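Please read the structure below before turning to the comments.
The chains referred to below are lettered A, B, ... by the order of the sequence lines, with proteins before strands, and numbering in each begins at 1. All values derive from a computational prediction rather than experimental measurement.
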Amino acid sequence: MTAFEDAVAAVLLTLRPGDVMTYGEVAAEAGRPGAARAVGSFLAHNGGDVPWWRVVTSTGRLVPGHETEHARRLRAEGITVRRGYAVRAGR
DNA sequence: TATCTGACGATAG
DNA sequence: CCTATCGCCAGAT
């Protein structure tokens, strides 16, 4: 595990059921603003060890290619999903 | 060291 | 709303 990957995992583990963050936000919290793409790459290979479903794209879109599974998990935490978009509390 | 790749992001059309 | 581009980062070759 690289320091970056460890930091990303740590950030995701602080999320509570119902919370959602974008790839960019996670990258910034992990100390690497702009590394959103790297976050996605990390989750793609380590989604089994972290709550990846609490991460969406900057526009609120669900993970491309995993929309069905993603929507299922989000709804399980009370997060509203419409036409492939996660609706964050307050909007 | 050079290139390619990908669960990204912002902008323009 | 969708595609095309360009910029960005970390990892793999």
Side-chain angles (χ1 to χ4, degrees):
Chain A
M1 286 286 272
T2 67
F4 172 68
E5 296 175 351
D6 200 57
V8 172
V11 172
L12 294 180
L13 292 176
T14 68
L15 295 178
R16 299 168 46 247
D19 284 339
V20 179
M21 280 185 88
T22 68
Y23 286 93
E25 291 175 316
V26 174
E29 280 294 306
R32 288 293 178 289
R37 209 166 179 172
V39 173
S41 188
F42 166 67
L43 292 183
H45 301 297
N46 301 283
D49 303 298
V50 290
W52 59 268
W53 57 90
R54 294 177 189 162
V55 183
V56 299
T57 69
S58 66
T59 60
R61 230 231 149 297
L62 302 191
V63 177
H66 294 246
E67 300 188 338
T68 305
E69 180 66 7
H70 200 166
R72 189 176 75 71
R73 296 202 183 224
L74 287 178
R75 282 194 245 247
E77 296 191 345
I79 297 174
T80 303
V81 178
R82 284 174 189 162
R83 304 195 302 263
Y85 283 88
V87 182
R88 294 215 251 178
R91 200 160 64 75

Length of the CD-P vector between A:E5 and C:dA10, whole Å: 11 Å

d(CZ, A:F4; P, C:dA12) in whole Å: 13 Å

Euclidean distance, atom CZ of residue A:R82 to atom P of C:dC1 [Å, nearest integer]: 14 Å

A:S41 vs A:R37, nearer the 5' end of DNA chain C by closest nucleotide: A:R37

Spacing of A:H70 atom NE2 relative to B:dC8 atom C1', expressed in whole Å: 14 Å

Watson-Crick or G-U counterpart of B:dA12, or none if no pair lies under 3.5 Å: C:dT3

Test item: A:H70 side-chain N/O and A:V63 main-chain N/O as donor-acceptor pair under 3.5 Å: yes

Distance, rounded to the nearest Å, where A:E29 contributes CD and C:dC9 contributes P: 18 Å

N or O in side chain of A:T2 less than 4.0 angstrom from C:dG11 OP1/OP2: yes

Separation of atom CZ in A:F42 from atom C1' in C:dC9, rounded to whole Å: 15 Å

Any donor-acceptor N/O pair, A:R82 side chain to A:V87 backbone, under 3.5 Å: no

Atom pair distance, as rounded to whole Å: NE2 in A:H45 and P in B:dG6: 9 Å

Flag if over 12 foreign heavy atoms under 6.0 Å of CZ, A:R32: no

A:R73 CZ - B:dA7 C1' separation (whole Å): 14 Å

Sugar-phosphate, base or nothing in reach of A:G24, heavy atoms under 4.0 Å: sugar-phosphate

Short side-chain to backbone donor-acceptor contact, A:R54 and A:L12, under 3.5 Å: no

Whichever of A:T22 and A:A38 has its nearest DNA chain B nucleotide further upstream toward 5': A:A38

Nearest-neighbour nucleotide for the A:S58 side chain, C:dA10, B:dA10, B:dA7 considered: B:dA10

Salt bridge flag under 4.0 Å for residues A:R73 and A:E77: no

